[in-house]
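Remember, predicted model here, so these are calculated numbers, not experimental data.
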Amino acid sequence: MQYNLNENGINRYILNNHINHATITVNHVIPSDTTDVYSETEDGKPNMVVVHETANPNDSIWGEINYEKANYNKAFVHAFVDENQIIEISPTDHEAWGAAYPANGRAVQFEQVEVYGANNFARELVNAAYYTAYKMNEYGMIPSLAQANGTGTLWSHHNVTQYIANGKTDHTDPDGYWANRASRYFGTSYTMKDFFELVKYEYSHF
């Protein structure tokens, strides 16, 4: 699979500094019988991955996980990432409730915790891309960007709002978080197209 990490300054930083991903930690604190298999796919398996960010500037990965553990009957995602950890809190063979339907019935979903500092942000992106690629490989997805017709395997929550939610969600993450950290620490931008190149890079190692 072809990828290009040289067009974006953060991806170049990741490549030049040989930043590697964390190991996925499985800690399923959400009961597996909370949801069933994926209701919006023909085979009951996910066919896309949705990228979120928490929009909470002062919380830790375990603060977020403990909150969802206590409130999973309202909303939850499958995993959280920060600069040091990838923690899966719910089995990805079952739906999560993070982006409204039909996305909930199609997608593995994870949240990025807000981190600070150039290196921390770069490391978090690597962890996010690795988890995305890992799940795509696990379920036989080929990385492709979300499209207005509902196709594609790589989605942001904003893409869900734009293309398939029909007003059921209005979130635009992780656009603002990425733009803020990219400008603040690298003097550049970071978009789903840039993340897509990083996902393809990680996917190429499977």
- Task: Ignoring hydrogens and angles, state whether a donor on the side chain of Ser156 or Asn159 is under 3.5 Å from an acceptor on the partner side chain.
- Result: yes
- Between Asp173 and His157: side-chain donor-acceptor atoms closer than 3.5 Å: yes
- Task: State whether a side-chain donor-acceptor pair under 3.5 Å links Tyr13 with Asn119.
- Result: yes
- Query: Counting N and O atoms only, with roles assigned by atom type, does the side chain of Asn120 sit under 3.5 Å from a partner on the main chain of Glu83, one being a donor and the other an acceptor?
  - Reply: no
- Query: Applying the 4.5 Å side-chain criterion to the ILVMFWY set and letting contacts propagate, would Val199 and Ile142 be lumped into a single cluster?
  - Reply: yes
- Message: Looking at every non-hydrogen atom in both residues, tell me the closest pair between Phe76 and Ser90 and how far apart they are.
- Response: CE1-OG, 3.5 Å
- Any side-chain heavy-atom pair of Pro57 and Tyr116 under 4.5 Å: yes
- Please work out whether the ring planes of Trp155 and Tyr163 are parallel, tilted or perpendicular, with thresholds of 30° and 60°. perpendicular
- Message: Are the side chains of Phe195 and Tyr190 in contact, using a 4.5 Å heavy-atom criterion?
- Response: yes
- Task: State yes or no: do Ile61 and Val126 share one hydrophobic cluster built from I, L, V, M, F, W and Y residues joined by side-chain heavy-atom distances below 4.5 Å, directly or via other members?
- Result: no
- Query: Between Glu114 and Arg181, is there a side-chain N and carboxylate O pair less than 4.0 Å apart?
  - Reply: yes
- Item | Under 3.5 Å donor-acceptor, Thr35 side chain and Ala96 backbone | no
- Query: Distance only, no hydrogens: is a donor on one side chain within 3.5 Å (strictly under) of an acceptor on the other, for Glu88 and His78?
  - Reply: no
- Item | Shortest non-hydrogen contact between Gly105 and Tyr38, atoms and distance | O-CB, 3.2 Å
- Query: Within 45° of the ring axis of Tyr72 and under 6.0 Å from its six-membered ring centre, is that where the NZ or CZ of Lys74 lies?
  - Reply: no
- Once you round to the nearest 0.5 Å, how far does OG1 of Thr23 lie from CD of Gln85? 11.0 Å
- Hphob cluster co-occupancy, Val113 + Val50, side-chain heavy atoms under 4.5 angstrom: no
- Query: Quick check: does any side chain N or O of Tyr203 sit under 3.5 Å from a backbone N or O of Met1, one acting as donor and the other as acceptor?
  - Reply: no
- Heavy-atom pair with the smallest gap, counting every atom of Val51 and Pro174: O-CD, 3.7 Å
- Query: Under 30°, 30 to 60°, or over 60°: which ring-plane class applies to Phe121 and Phe186, parallel, tilted or perpendicular?
  - Reply: tilted
- Query: If two hydrophobic side chains count as joined below 4.5 Å and joins carry through other members, does Ile86 share a cluster with Val77?
  - Reply: no
- Task: Compute whether any side-chain donor of one residue and acceptor of the other, for Asn127 and Glu124, lie under 3.5 angstrom apart.
- Result: no
- Is any side-chain heavy atom of Glu7 less than 4.5 Å from a side-chain heavy atom of Asp194? no
- Query: Closest approach of Glu68 and Ile30, non-hydrogen atoms and distance?
  - Reply: O-CD1, 3.8 Å
- Task: Please state whether the rings of Tyr134 and Tyr130 are parallel, tilted or perpendicular, taking 30° and 60° as the class boundaries.
- Result: tilted
- Message: Going by side-chain hydrogen bond (donor to acceptor under 3.5 Å, both in side chains), Tyr139 matches just one of Asp93, Asn47, Thr153. Which one?
- Response: Asp93
- Query: Quick one: NZ on Lys69 to CD1 on Ile65, what's the gap to the nearest 0.5 Å?
  - Reply: 10.0 Å
- Query: Which pair of non-hydrogen atoms, one from Pro46 and one from Met141, has the smallest distance, and what is that distance?
  - Reply: O-CE, 3.5 Å
- Query: Does the side chain of Asn27 pick up a donor-acceptor pair with the side chain of Thr25 at under 3.5 Å?
  - Reply: no
- Just checking, any donor-acceptor pair under 3.5 angstrom between side chains of Trp178 and Gln112? yes
- Message: Just verifying a value: how many Å separate Leu145 CG and Lys193 NZ, rounded to the nearest 0.5 Å?
- Response: 7.5 Å
- Under 3.5 Å, is there a donor-acceptor pair between the Thr132 and Glu202 side chains? no
- In the single-linkage hydrophobic clustering (I, L, V, M, F, W, Y; side-chain heavy atoms under 4.5 Å), do Leu15 and Leu198 co-cluster? yes
- Kindly indicate whether the side chain of Glu111, heavy atoms from C-beta on, has any atom under 4.5 Å from the side chain of Glu64. no
